[in-house]
Amino acid sequence: MQIKDLLAALAIPALALAAAIPQPQDVEIPNWDEGSPENDIVGGVAAAQGDFPFIVSIQRSGSHFCGGTLLNANTVLTAAHCAVGQTASQIKVRAGSLSRTTGGVLVQVSSITVNQGYVAGTYNGDLAIMKLATAIPTSSTIAYAVLPASGSDPVAGVTTTVAGWGTTSSGGSTLPTNLLKVDVPVVSRTSCRASYGTSAVTVQMFCAGLAAGGKDSCQGDSGGPIIDKATRVLIGAVSWGEGCAAPNAPGVYANIGNPTLRTFVANNL
């Protein structure tokens, strides 16, 4: 499995190639501007203004490395593996723009809280909260995400939409400048466990993708939002997968509706 975080992929290249180890969907290549393998929207289309008014680009040294979701004026939800080892003073988020490089507002992060239950070796509980130094109010291009009810669990077959600035192919070498999105159906936990192993996919995770592959989140998308297409409720955060868009290897997402994770989020709003 592979996390979908650009920074982590550089730090642990062997992990990104291991067949049975989670790989994050958010890592950039060494020049810190053009993206890195295995974590970007694959098989998607350009997002329009208003599709994801709550998505943010999380950046270090001016370069995107993960996605996140604006929950209120001062709070961004992202993946734990995007936050571990990061220093708040070095991180900024861009909100209100389809471009990861220009427009919207660019705000400094003031603090980072990683879910205490996060297990780095398995990516269980893969959520973190970033607090912002300056409030980001709603506007014509910015809104806050709607959280799922505690105890809710995405139903197999439901269409979801995931978005990000990650790579557009597994092993890709560049990141798109403008936001992409893709629709993928929820895969039952039973089927996902058949692909990855029973212990690999916990109740704090859910899976989404096509059996034939071809559509998925990828590196650089880690931490970003996946929503129920019909209700537009935020149901997950991009976490890991086996490569990107491979057959019978769906993307795996932190399950925000899981009571334990939902409590973590509620306690840090």
Shared hydrophobic cluster for L261 and L269 (ILVMFWY, side-chain gaps under 4.5 Å): yes
Step-by-step side chain to side chain donor-acceptor pair (under 3.5 Å) determination, T202 to N124: CA-CA 7 Å; T202 74; N124 194 46; 2.4 Å; yes
Spacing of T168 atom OG1 and L175 atom CG [to the nearest 0.5 Å]: 9.0 Å
S139 side chain to I142 backbone, donor-acceptor under 3.5 Å: yes
Residue pair D216 / V182, side-chain heavy-atom distance below 4.5 Å: no
Close aromatic pair by centroid cut-off 6.0 Å: Y144 and F54: no
Side-chain touch F52/I227, heavy atoms, less than 4.5 angstrom: yes
Salt-bridge contact K215-D183 (side-chain N to carboxylate O under 4.0 Å): no
Test item: side-chain donor near acceptor, T190 and S188, under 3.5 Å: no
Donor-acceptor pair between D153 and N255 side chains, under 3.5 angstrom: yes
Beyond-backbone contact of L180 with V45, side-chain heavy atoms, under 4.5 angstrom: no
Close side-chain approach of I226 to T161, heavy-atom, < 4.5 Å: no
Between SG on residue C66 and CD1 on residue I58, distance to nearest 0.5 Å: 6.0 Å
Closest non-hydrogen atom pair, Q108 against K92: OE1-CE, 3.4 Å
Distance-minimising heavy-atom pair for R100 and P176: NE-O, 2.8 Å
Taking every non-hydrogen atom, the tightest pair across A208 and P250: O-CB, 3.6 Å
Spatial distance of atom CD1 (I235) from atom CG (L147) [nearest 0.5 Å]: 12.0 Å
Heavy-atom pair of closest approach, residues V201 and C207: CG1-SG, 3.9 Å
Cluster check I91, V114: I/L/V/M/F/W/Y, side chain < 4.5 angstrom: yes
Side-chain donor/acceptor of R94 to backbone N/O of H64, under 3.5 Å: no
Beyond-backbone contact of F206 with N258, side-chain heavy atoms, under 4.5 angstrom: no
Donor on one side chain, acceptor on other, T263 and T260, under 3.5 Å: no
Closest approach of F65 to Q59 (non-hydrogen atoms, all atoms of both residues): CE2-C, 3.8 Å
Distance (rounded to the nearest 0.5 Å) between T122 OG1 and M205 CE: 5.0 Å
Shortest non-hydrogen contact from E242 toward Y196: N-OH, 3.0 Å
Trace of the side chain to side chain donor-acceptor pair (under 3.5 Å) decision for T101 with S99: CA-CA 5 Å; T101 60; S99 170; 3.0 Å; yes
Heavy-atom side-chain contact between Q86 and I112 under 4.5 Å: yes
Beyond-backbone contact of T69 with T78, side-chain heavy atoms, under 4.5 angstrom: no
Option from V56, T75, L70 for which side chain to side chain contact (heavy atoms under 4.5 Å, CB included) with L132 holds: L70
Side chain to side chain donor-acceptor pair (under 3.5 Å) between S217 and Y253, intermediate numbers included: CA-CA 10 Å; S217 52; Y253 301 83; 3.1 Å; yes
Backbone of A149 reached by a side-chain donor or acceptor of R262 within 3.5 Å: no
Pairwise side-chain contact, L234 with V146, heavy-atom cut-off 4.5 Å (strictly under): no
Shared hydrophobic cluster, V186 / V155 (ILVMFWY, side-chain heavy atoms < 4.5 Å): yes
Same apolar cluster (I L V M F W Y, side chains within < 4.5 Å links), F264/I256: yes
ILVMFWY cluster, W240 and V84 together (side-chain gap under 4.5 Å): yes
Nearest-0.5 Å distance, CG of residue L179 to CG of residue D51: 8.0 Å
